[in-house]
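Note sheet for the following structure.
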Amino acid sequence: MVSASFRFYEELNDFLAPPRRYREFTVPCARAATVKHMVEALGVPHTEVELVLVNGESVAFDHPLRDGDRVSVYPRFETFDITPLLRVRERPLRRTRFVADAHLGGLARLLRMTGFDTLYDNNFADPDIEAIAAHDGRIVLTRDRELLKRRTITHGCYVHALKPEHQFAEILARLDLARSARPFTLCLACNAPLHAIDKASVEHLLPQSVRERHQRFSTCDVCRRVFWEGSHWVKMRALIARLLPRD
């Protein structure tokens, strides 16, 4: 049996037992234990980690721990580029394509509303999400720590907030996405891109009141739904204005 000292930084402390937060602590490790094994054994999903230093040197998740090692574990860095230091994965967690688990339907809708490619189905099981994330290179959004510990999931965010609007604000801030928002560019139903369509092409599908009041329309090529800037759009616009931070 060997032992190593750990120190976790910033929001990673939320995953730790209270006596271990914001301080260095020493724990026993199995002789074959790796950085990833111990980080997750202490409760922190590896997808939340962007940089690990062992004795001051950046290492990969599969780095074996030795007796007396001092391990510093850091979350994502939003204010400066640490790409030259990265060892735990090939690139920073900055892709903005998501797959959300079955409990985050409200968050998925808000992300789609603001133009972020987000796959969601309340029938998705954990193996489905894992396969989609690996195949498409998507960031997994979940409140299930065990899902984020799955081996092939390399990009993920544990969502701390409980209400969809708070969850949206959390993801927006953590991944610095506000400037990338493109409201009303994706279909809320199927996540496909929307595009403008001539009124004459869809006029036969519209209620009389809509034909009389509106001139601009968009459609989705997947579900074939037609959208216009009616009262529901006005309410969503007000919601987005409230949720997106102002410059």
Side-chain angles (χ1 to χ4, degrees), residues 11 40 45-50 75-76 78 88-197 218-227 232-233 235-237 239-240 243-244:
E11 63 265 26
E40 295 199 325
H46 71 276
T47 54
E48 298 294 293
V49 175
E50 189 163 36
R76 298 175 188 84
E78 303 301 342
V88 297
R89 53 180 61 82
E90 294 180 359
R91 55 186 178 274
L93 302 178
R94 292 295 182 273
R95 298 194 66 185
T96 52
R97 285 157 39 96
F98 301 104
V99 54
D101 76 11
H103 303 290
L104 297 178
L107 172 60
R109 179 178 174 83
L110 290 175
L111 287 168
R112 288 180 181 178
M113 191 184 299
T114 46
F116 295 105
D117 182 345
T118 306
L119 293 184
Y120 168 80
D121 188 315
N122 59 12
N123 292 316
F124 279 162
D126 286 359
D128 299 324
I129 293 173
E130 182 179 17
I132 291 169
H135 183 269
D136 294 351
R138 291 180 179 269
I139 300 171
V140 175
L141 301 177
T142 183
R143 284 186 44 77
D144 180 357
R145 297 187 192 186
E146 296 306 311
L147 173 58
L148 291 181
K149 292 179 182 180
R150 287 177 172 251
R151 182 178 58 83
T152 63
I153 294 178
T154 59
H155 296 69
C157 288
Y158 179 84
V159 181
H160 296 262
L162 299 178
K163 295 183 177 180
E165 290 189 18
H166 296 162
Q167 292 169 343
F168 177 79
E170 176 185 335
I171 297 302
L172 214 67
R174 288 180 65 189
L175 300 182
D176 193 21
L177 298 180
R179 288 173 296 179
S180 300
R182 300 291 183 269
F184 306 115
T185 56
L186 294 177
C187 178
L188 295 183
C190 61
N191 196 50
L194 296 177
H195 62 85
I197 191 169
S218 60
T219 189
C220 167
D221 287 337
V222 176
C223 67
R224 302 294 182 182
R225 297 188 184 190
V226 178
F227 302 90
H232 185 52
W233 181 90
K235 291 178 182 178
M236 290 193 295
R237 190 75 199 179
L239 174 61
I240 290 173
L243 291 178
L244 289 178

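Quick caveat, the model's predicted, so the values are computed rather than measured. As a basis for the values below, the full set of heavy atoms in this structure was taken, side chains included, without hydrogen atoms, waters or symmetry mates.
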Quick one: are Cys157 and Arg174 in side-chain contact, heavy atoms under 4.5 Å? yes
Supply the atom-to-atom distance Leu147 CG to Thr142 OG1, rounded to the nearest 0.5 angstrom. 4.5 Å
Nearest 0.5 Å please: distance from the CD atom of Gln167 over to the NE2 atom of His160. 11.5 Å
Is the shortest distance from a Lys or Arg side-chain nitrogen in Glu48 or Arg145 to a carboxylate oxygen in the other one below 4.0 Å? no
Given side chains that start at C-beta, do those of Ile132 and Val140 come closer than 4.5 Å, heavy atoms only? no
Basic-acidic side-chain contact under 4.0 Å: Glu40, Lys149: no
Closest non-hydrogen atom pair between Asp144 and Glu146, with its separation: OD1-N, 3.0 Å
Using the rule side-chain contact (heavy atoms from CB on, under 4.5 Å), only one of Leu111, Asp101, Val99 pairs with Leu141; which is it? Leu111
Here the pair of heavy atoms bringing Leu110 nearest to Pro164 is CD1-O, 3.6 Å
To the nearest 0.5 Å, atom CG of Leu243 lies from atom CE of Met113 at 8.5 Å
May I ask you to check whether His195 and Asp221 show a side-chain donor-acceptor distance below 3.5 Å? yes
For the student: nearest non-hydrogen atoms of Thr118 and Ala100, plus distance: CG2-CB, 4.4 Å
In this structure, CZ of Arg224 is separated from SG of Cys187 (nearest 0.5 Å) by 12.0 Å
Check whether Arg150 reaches the backbone of Glu130 with its side chain - one donor and one acceptor, N or O, closer than 3.5 Å. no
Kindly compute the distance separating CD (Glu170) from CG (Leu162), expressed to the nearest 0.5 Å. 9.5 Å
Minimum heavy-atom separation for Leu119 and Asn191, please, with both atom names. CD2-ND2, 3.8 Å
May I ask you to decide if the ring planes of Trp233 and Phe184 are parallel, tilted or perpendicular, using 30° and 60° as cut-offs? tilted
With the side chain counted from C-beta on, respond yes when Arg109 and Met236 share a heavy-atom pair under 4.5 Å apart, and no when they do not. yes
